[in-house]
Amino acid sequence: MLGKTYAYTVRSRETGGLSAANYGSVTCPSDVVPVASLGLAGHNAGGVGVTYPFTATVLPIPPTLPLTYVWQVSNHPTLTFTHGLSATQNIAWSAARTKQILVTAFNAAGSASVTHTIMIHLREIFLPVLRRDH
């Protein structure tokens, strides 16, 4: 078990009746791999009222679990939860503007953060195209 110390005794006896013993202990390493870096995938532009998925993924080697993710999103309350090697949030905004998403992932050994920007526009209205044949 990681981080646990185990005591041992080595006893020996030879055929003439002499004996000896050695005592010691060994500790299993309890290395906790920190979060090296974090990537965040998602849209760069979108519309008001439309929900977009954003996925944060730890890179490049797997850190020690569990990981805690803190999502700080423009015009939203901070979200904190524990998850695996990646986490996805679905986010929508009710007003047009440039929005920021800051995600921090951490474990017992360290943390990494990443920022993503998305430009939210008013919903575009698409008018039908009328084609006139000559």
Participant: Determine yes or no for a side-chain-to-main-chain donor-acceptor pair under 3.5 angstrom, with Y23 supplying the side chain and A7 the backbone.
Facilitator: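 No: the side chain of Y23 does not pair with the backbone of A7.
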Participant: Please report the shortest heavy-atom distance between A105 and L38, naming the atom on each side.
Facilitator: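 Answer, listing the atom of A105 first, then L38: N-CD2, 3.8 Å.
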Participant: Using the benzene-type ring in the case of Trp, are the ring centres of W71 and H76 under 6.0 Å apart?
Facilitator: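 No - the distance between ring centres of W71 and H76 does not fall below the 6.0 Å cut-off.
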Participant: Give a yes or no on whether V48 and Y52 share a hydrophobic cluster (residues Ile, Leu, Val, Met, Phe, Trp, Tyr; joining criterion: side-chain heavy atoms under 4.5 Å apart).
Facilitator: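 The answer is yes; both residues are in one hydrophobic cluster.
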Participant: Out of curiosity, I101 CD1 to Q89 CD, how far, rounded to the nearest 0.5 Å?
Facilitator: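 So the CD1 of I101 and the CD of Q89 are separated by 10.0 Å.
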Participant: For the residue pair A92 and G49, what are the closest heavy atoms and their distance?
Facilitator: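 Closest approach of A92 to G49, heavy atoms only: CB-C, 4.4 Å.
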Participant: Would you be so kind as to tabulate the donor-acceptor pairs closer than 3.5 Å made by side chains of residues 58-70, with sequence neighbours excluded?
Facilitator:
residue: T64; atom: OG1; partner: V33; partner atom: N; Å: 2.6
residue: Y69; atom: OH; partner: G84; partner atom: O; Å: 2.9
residue: Y69; atom: OH; partner: L85; partner atom: O; Å: 3.3
residue: Y69; atom: OH; partner: S86; partner atom: N; Å: 3.4

Participant: Minimum heavy-atom separation for G110 to V35, with atom names?
Facilitator: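 What the structure gives for the nearest pair is O-CG2, 4.2 Å.
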Participant: With sequence neighbours excluded, what pairs up with F106 under the ring pair (Phe, Tyr, Trp, His ring centres under 6.0 Å) test?
Facilitator: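 Ring pair (Phe, Tyr, Trp, His ring centres under 6.0 Å) list for F106, sorted by chain: empty.
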Participant: Apply the test side chain to side chain contact (heavy atoms under 4.5 Å, CB included) to residues N107 and V32: give CA-CA distance (whole Å), side-chain angles for both, the deciding distance (0.1 Å), then the verdict.
Facilitator: CA-CA 8 Å; N107 63 11; V32 176; 4.2 Å; yes
Participant: Pick out which of N44, L102, V103 makes a side-chain contact (heavy atoms from CB on, under 4.5 Å) with H116.
Facilitator: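 Checked N44, L102, V103 against H116; only one passes side-chain contact (heavy atoms from CB on, under 4.5 Å): N44.
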Participant: Restricting to side chain to side chain contact (heavy atoms under 4.5 Å, CB included), what partner residues turn up for Y8, sequence neighbours left out?
Facilitator: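 For Y8, the residues satisfying side chain to side chain contact (heavy atoms under 4.5 Å, CB included) (neighbours in sequence not counted) are V10.
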Participant: Counting only heavy atoms not in H43 (residues, nucleotides, ligands), do more than 12 fall under 6.0 Å from its NE2?
Facilitator: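 Not buried by this count: 12 neighbours or fewer within 6.0 Å.
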Participant: At what distance, to the nearest 0.5 angstrom, does CG of L40 lie from CZ of F54?
Facilitator: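 L40 CG to F54 CZ: 7.0 Å, rounded to 0.5 Å.
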Participant: Minimum heavy-atom separation for I120 to K99, with atom names?
Facilitator: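 Taking every non-hydrogen atom into account, CG1-CG, 3.7 Å.
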Participant: Using 0.5 Å steps for rounding, measure from the CG atom of N22 to the OG atom of S12.
Facilitator: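 If we round to the nearest 0.5 Å, N22:CG and S12:OG are 7.5 Å apart.
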Participant: List for me each residue that meets side chain to side chain contact (heavy atoms under 4.5 Å, CB included) alongside S94, sequence neighbours excluded, and say none if there are none.
Facilitator: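 Applying side chain to side chain contact (heavy atoms under 4.5 Å, CB included) to S94 gives none.
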Participant: With sequence neighbours excluded, what pairs up with T98 under the side chain to side chain contact (heavy atoms under 4.5 Å, CB included) test?
Facilitator: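 Listed in chain order: Q100, T117, M119.
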Participant: Just wondering, do W93 and S74 contact through their side chains at under 4.5 Å, heavy atoms?
Facilitator: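 Yes - at least one pair of side-chain heavy atoms lies under 4.5 Å apart.
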Participant: Ignoring hydrogens, what is the shortest heavy-atom contact between T88 and P53? Give both atom names and the distance.
Facilitator: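 Closest pair (atom of T88, atom of P53, distance): CG2-CB, 4.2 Å.
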Participant: Identify, with sequence neighbours excluded, every residue that meets side chain to side chain contact (heavy atoms under 4.5 Å, CB included) alongside R13.
Facilitator: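 Here the qualifying residues are S19.
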Participant: For the residue pair I118 and A45, what are the closest heavy atoms and their distance?
Facilitator: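 Answer, listing the atom of I118 first, then A45: CG1-N, 3.7 Å.
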Participant: Rounded to the nearest 0.5 Å, what separates atom OG1 in T51 from atom CD1 in I91?
Facilitator: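 Taking OG1 in T51 and CD1 in I91, the distance rounds to 9.5 Å.
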